[in-house]
Amino acid sequence: MKSIFVKYRKFFAVLFVFSVITISLFYSALKPAKTLPIYNPSDVNPELVDSTVQYISKYHTIADFSFVNQNGKTITQKDYEGKVYVADFFFTTCGSICPKMTTNLAEVQKAVQNNPNVMLLSHTVFPEIDSIPVLKAYAKKHGVIDSKWNLVTGDKKEIYTMARKSYLAVKLGKPSELYDMVHTENFVLVDQKRRVRGFYDGTKKEDMKQLIEDINFLCAE
C-alpha cells in the first residue's frame, strides 16, 4: 500500500489541490453576496419615527439640513454630498451613554481617518445648552478632527425633525414640552445617496466593528 502511495504521490497531491480549489469555488458560488438593507420609516420601531412618516415604505432619504458646527461654520447636506457618513444624537452634559458613544465614535473616526469619502455628524438634542463654544470644548476633549467630524447645533424644531423624520433614531420626550427628544444609543449609517443603510448600538464594541466593516462595504459598492 505504501509503495502504491509513493508511486502515485504526485497524482494524489494534484488530486488534493484540485479538490480544495473545487470545494472553495463551490462554496463561494453558494455563499450569498453581502448586501445591506435600505431602511424606510415603515421598517423601523415606530417609537423612533414621527407619526407623519411612519407609513413610508420606499424611497426614503435624508432631508436637506442646515446647522452650525463646533467652529461656527454652517454645515449643510452639500458638505456630505456623495459621502458615506455616520450620524448620531447626543448632548455634552449626558452622563449615561454619551461618553461611551463618543469614545466609540472616536474609534470609528480613527478607522476612517484616511478615507476622504467618509464623515461623521453628531447632533445635540439640547441646543439650548450646547452652544458653539461648548461644542468646541467637547470636540477638543474627545479628539474630534474638524474636517472629518461635525458636532452641530441649531433650531430645536429642525433637529427634532431631522431626528425623527430623516434619521429615524430618537424617541419622544415629555409630551408637555414641545420638541422634547430622548436620544438613543443608535448610530445611523447613511450612504452616498442619502439612504439609511444601518443602525448600530453606539455603546457596543462589536457593533462598532460591524459598522466599520459596513462603511468599507458601502465605499466599495
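A donor-acceptor contact shorter than 3.5 Å is absent between the side chain of Asn150 and the backbone of Val152. Checked by atom type and distance alone, the side chain of Arg194 never pairs as donor or acceptor with a backbone atom of Glu81 at under 3.5 Å. Panel note: side chain Gln210, backbone Tyr200; no donor-acceptor pair is recorded below 3.5 Å. A donor-acceptor pair is defined here as one N or O able to donate and one able to accept, closer than 3.5 Å; no such pair exists between the side chain of Tyr59 and the backbone of Asn40. For the pair Thr153 (side chain) and Ser131 (backbone), a donor-acceptor distance under 3.5 Å is absent. Of the possible donor and acceptor atoms, one in the side chain of Gln54 sits under 3.5 Å from a partner among the backbone N and O of Val49. The closest donor-acceptor contact from the side chain of Asp214 to the backbone of Leu211 lies at 3.5 Å or more, if one exists at all. A distance-only check finds a donor-acceptor pair linking the side chain of His60 to the backbone of Ser166 [under 3.5 Å]. Looking at Arg197, its side chain never comes within 3.5 Å of a backbone N or O of Asp191 through a donor-acceptor pair. Looking only at distances, no side-chain donor or acceptor of Ser42 sits under 3.5 Å from a matching main-chain atom of Tyr55.
Between Leu121 and Phe65 there is a side-chain heavy-atom pair separated by less than 4.5 Å. With contacts defined as side-chain heavy-atom distances shorter than 4.5 Å, the pair Met181/Phe89 does not qualify. Inter-residue side-chain proximity for Ile62 and Tyr167 is flagged as met; some heavy-atom pair is nearer than 4.5 Å. Asn104 is listed as a side-chain neighbour of Lys100, based on a closest heavy-atom distance under 4.5 Å. Between Leu135 and Thr92 the shortest side-chain heavy-atom distance falls below 4.5 Å. For the pair Val188 and Val196, the minimum side-chain heavy-atom distance is below 4.5 Å. Met119 is not listed as a side-chain neighbour of Val190, based on a closest heavy-atom distance of 4.5 Å or more. Using a 4.5 Å heavy-atom cutoff, the side chains of Met208 and Phe187 are in contact.
Between atom CG of residue Asp88 and atom CG of residue Asn186 there is a gap of 9.5 Å, rounded to the nearest 0.5 Å. For the atom pair CZ (Arg164) and CD (Glu47), the distance works out to 9.0 Å, reported to the nearest 0.5 Å. Rounding to the nearest 0.5 angstrom, the gap separating the OH atom in Tyr85 from the CD1 atom in Ile215 is 12.5 Å. Rounding to the nearest 0.5 Å places NZ of Lys148 at 7.5 Å from CD of Gln113.
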Between Val84 and Asn117, does a side-chain contact (heavy atoms from CB on, under 4.5 Å) hold up when you go through it step by step?
CA-CA 6 Å; Val84 171; Asn117 298 314; 5.9 Å; no

Evaluate side-chain contact (heavy atoms from CB on, under 4.5 Å) for Ser122 paired with Met101, printing each intermediate quantity in order.
CA-CA 11 Å; Ser122 295; Met101 289 175 66; over 6 Å; no

Please lay out, stage by stage, how His123 and Val170 fare under the test side-chain contact (heavy atoms from CB on, under 4.5 Å).
CA-CA 11 Å; His123 312 72; Val170 170; over 6 Å; no

Quick one, Glu107 with Ile212, criterion side-chain contact (heavy atoms from CB on, under 4.5 Å). Give me CA distance, side-chain angles, the key distance, then yes/no.
CA-CA 10 Å; Glu107 288 301 311; Ile212 292 167; 6.0 Å; no

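When the shell of 6.0 Å around NZ of Lys171 is examined, it contains 12 or fewer heavy atoms from other residues, nucleotides or ligands.
Between Gly82 and Gln192, the closest heavy-atom pair is O-CG, 3.5 Å. When all heavy atoms of Cys219 and Val118 are compared, the closest pair comes out as SG-CG2, 3.5 Å. Minimum interatomic distance between Ala139 and Gln70 (heavy atoms only, all atoms of both residues): CB-CG, 4.1 Å. Here the closest non-hydrogen pair linking Gln109 and Ile145 is OE1-N, 2.8 Å. Residues Asp207 and Asp201 come closest through the heavy atom pair OD2-N, 2.7 Å. Nearest heavy-atom pair across Ser66 and Thr74 is OG-CG2, 3.4 Å.
Of the candidates Thr93, Asp130, Thr124, Thr102, Thr102 is the only one forming a side-chain hydrogen bond (donor to acceptor under 3.5 Å, both in side chains) with Tyr138.
At a threshold of 4.5 Å between side-chain heavy atoms, the hydrophobic network of Ile, Leu, Val, Met, Phe, Trp and Tyr places Phe90 and Ile97 in one connected group. Under the 4.5 Å side-chain heavy-atom criterion for Ile, Leu, Val, Met, Phe, Trp and Tyr, Val134 and Val68 are members of distinct hydrophobic clusters. Using a 4.5 Å cut-off between side-chain heavy atoms of Ile, Leu, Val, Met, Phe, Trp and Tyr, with links allowed through other members, Phe126 and Tyr160 fall into the same hydrophobic cluster.
Salt bridge Lys193/Glu221: absent, no basic N to carboxylate O contact under 4.0 Å. Of the charged side-chain nitrogens involved, at least one lies within less than 4.0 Å of a carboxylate oxygen, so that Lys136 and Asp146 count as a salt-bridged pair.
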